[in-house]
Amino acid sequence: MGKVYSSAAEALEGVLFDGMLIAAGGFGLCGIPENLIDAIRSAGTKNLTVASNNAGVDDFGLGVLLQTRQVKKMISSYVGENDEFMRQYLSGELELEFNPQGTLAERMRSAGCGIPGFYTKTGVGTVIAEGKEHKDFGGETYILEEGIFADLSIVKAWKADETGNLVFRKTARNFNPPAAMCGKICVVEVEEIVPTGSLEPDSIHLPGIYVHRLIQGEHEKRIEQRTTRAA
C-alpha cells in the first residue's frame with residue numbers, strides 16, 4: 001500500500017488508542033500538524049501523553065485537545081501562551097514534565113536513532129535534575145536523559161514526494177524532524193505532494209524511511225501574537 005491517504009482521519013485509522021504517547025512537531029503555531037490534531041480530537045482518543053515544545057493556544061493547535069480533556073500529560077518546554085494549559089496544570093488536572101528545549105529535541109532525535117539515553121549538563125542543579133541519574137565526566141557533572149520513544153509522531157512539512165521524503169520551509173522545520181524520527185508510526189501532513197523523483201536529493205530534510213503515512217491538506221498560518229502600531 002502507498003503512503004498517501006485522502007484525509008487525516010483515514011491516515012490515523014487503526015493507529016490511535018487511549019493512553020498512547022504522541023510526539024508532535026511545531027514551535028508555537030509554526031509548523032504544527034493542525035489537521036492531524038483536529039482528527040485526533042474528532043476521534044475522541046483520551047488519556048494522551050503528548051511530547052511537544054508547547055501546547056499551542058487555547059483554540060488552536062494542541063490547545064484544542066486540552067479543551068476536550070483528551071490530554072493527561074504534556075512533555076514540554078514552554079507553556080506560557082495557553083491559558084487553559086496553565087489552568088489545568090495549576091489545578092492539578094494536567095501532569096507536566098518540563099524539558100529544556102534542546103534536551104527535548106535530543107530526546108526525540110536519540111530515540112529515532114535507537115539511542116535509549118544520553119548525558120547532558122543542561123539542568124544540573126535545578127528541578128530538572130531531580131530523580132535522575134548523575135554521573136561525572138572529566139570533573140563535570142551530567143544527568144541522564146532518556147529518549148522519547150513515541151507510539152505516534154504527527155508532523156507538518158512543506159512538501160513531500162509519494163515515498164515520504166520531506167522538505168520543510170524555513171522556521172517551520174523546528175521540532176518536526178526529531179519528532180518524526182521517534183515515533184513507531186509517523187503520520188505527516190504537507191502542503192504539497194509531488195511525484196517521486198521530483199525533489200532535489202540535496203534539498204530533502206528528512207528521508208522517507210521515517211514516514212509511514214501522508215496527507216495533503218489546507219492549512220491556516222496564524223501568528224501567535226500580533227503587535228501593531230499606528231501609522
Side-chain angles (χ1 to χ4, degrees), residues 11-12 15-17 19-34 36-37 40 45 48-56 61-63 65 71-79 82 85 94-123 128-129 131-133 142-158 160 164-190 204-214:
L12 292 171
V15 173
L16 301 175
F17 59 90
M20 70 188 307
L21 170 57
I22 298 175
F27 188 101
L29 299 182
C30 179
I32 62 171
E34 63 260 40
L36 294 171
I37 292 169
I40 293 171
T45 315
L48 300 172
T49 297
V50 181
S52 174
N53 176 69
N54 66 313
L62 290 169
L65 298 181
V71 179
K72 72 170 184 178
K73 179 179 178 179
M74 288 293 304
I75 304 173
S76 296
S77 295
Y78 178 66
V79 300
N82 192 316
F85 190 130
L94 177 69
E95 296 177 51
L96 175 60
E97 182 181 335
F98 268 123
N99 278 229
Q101 287 184 342
T103 299
L104 180 60
E106 181 61 13
R107 290 183 69 192
M108 293 179 178
R109 190 204 68 85
S110 293
C113 295
I115 300 170
F118 60 92
Y119 289 98
T120 176
K121 290 176 66 177
T122 305
I128 300 297
K132 296 176 181 175
E133 179 187 331
Y142 294 73
I143 56 174
L144 178 65
E145 294 284 0
E146 296 184 2
I148 295 174
F149 293 85
D151 298 302
L152 170 67
S153 296
I154 54 172
V155 302
K156 164 76 178 294
W158 179 38
N165 292 311
L166 302 182
V167 178
F168 300 93
R169 189 168 189 270
K170 302 190 178 192
T171 56
R173 198 168 177 181
N174 54 57
F175 275 74
N176 278 297
M181 294 171 66
C182 71
K184 295 176 183 177
I185 297 176
C186 175
V187 182
V188 182
E189 62 180 73
V190 297
I204 292 170
H205 297 135
L206 190 77
I209 192 171
Y210 289 107
V211 176
H212 301 89
R213 301 182 180 188
L214 280 171

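For the numbers below, each heavy atom of this structure counts, side chains included, while hydrogens, waters and symmetry mates do not.
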Determine yes or no for a side-chain-to-main-chain donor-acceptor pair under 3.5 angstrom, with [X] supplying the side chain and [Y] the backbone.
| X | Y | answer |
| --- | --- | --- |
| Ser52 | Asn54 | yes |
| Ser77 | Asn53 | no |
| His212 | Cys186 | yes |
| Asn176 | Val155 | no |
| Glu97 | Lys73 | no |

Please round to the nearest 0.5 Å and tell me the distance separating atom [atom1] of [X] and atom [atom2] of [Y].
| X | Y | atom1 | atom2 | answer |
| --- | --- | --- | --- | --- |
| Thr45 | Leu16 | OG1 | CG | 4.0 Å |
| Ile37 | Leu12 | CD1 | CG | 11.0 Å |
| Met108 | Phe149 | CE | CZ | 13.0 Å |

Check whether any side-chain heavy atom of [X] lies under 4.5 Å from a side-chain heavy atom of [Y], and answer yes or no.
| X | Y | value |
| --- | --- | --- |
| Val188 | Leu206 | no |
| Thr120 | Ile143 | yes |
| Asn82 | Leu62 | no |
| Arg173 | Trp158 | no |
| Thr103 | Ile128 | no |

Of the non-hydrogen atoms in [X] and [Y], which two are nearest, and what is the gap between them?
| X | Y | result |
| --- | --- | --- |
| Tyr142 | Lys121 | CE2-CG, 3.1 Å |
| Leu29 | Gly56 | CD2-CA, 4.0 Å |
| Ala105 | Phe175 | N-CE2, 3.7 Å |
| Cys182 | Ser153 | C-OG, 3.9 Å |
| Val167 | Ile204 | CG2-CA, 4.3 Å |
| Ala24 | Ala179 | C-CB, 4.1 Å |

Ile32 vs Lys156, side-chain contact (heavy atoms from CB on, under 4.5 Å): CA-CA, chis, key distance, verdict:
CA-CA 6 Å; Ile32 62 171; Lys156 164 76 178 294; 5.9 Å; no
Please report the C-alpha distance between Ile148 and Thr49 in whole Å, then the side-chain angles of each, then the deciding distance to 0.1 Å, and finally whether the side-chain contact (heavy atoms from CB on, under 4.5 Å) criterion is met.
CA-CA 11 Å; Ile148 295 174; Thr49 297; over 6 Å; no
Apply the test side-chain contact (heavy atoms from CB on, under 4.5 Å) to residues Leu94 and Leu96: give CA-CA distance (whole Å), side-chain angles for both, the deciding distance (0.1 Å), then the verdict.
CA-CA 6 Å; Leu94 177 69; Leu96 175 60; 5.6 Å; no
Neighbour count >12 (heavy atoms, 6.0 Å) for atom CD1, Ile115:
yes
Applied to residues 109-118, the side-chain hydrogen bond (donor to acceptor under 3.5 Å, both in side chains) test, sequence neighbours excluded, yields Glu106-Arg109, Glu106-Ser110
Yes or no on side-chain contact (heavy atoms from CB on, under 4.5 Å) for Val15 and Arg213, after CA distance, side-chain angles and deciding distance?
CA-CA 11 Å; Val15 173; Arg213 301 182 180 188; 3.5 Å; yes
Residues 144-155 vs salt bridge (Lys or Arg N to Asp or Glu O under 4.0 Å), sequence neighbours excluded, gives Lys132-Glu145, Asp151-Lys184
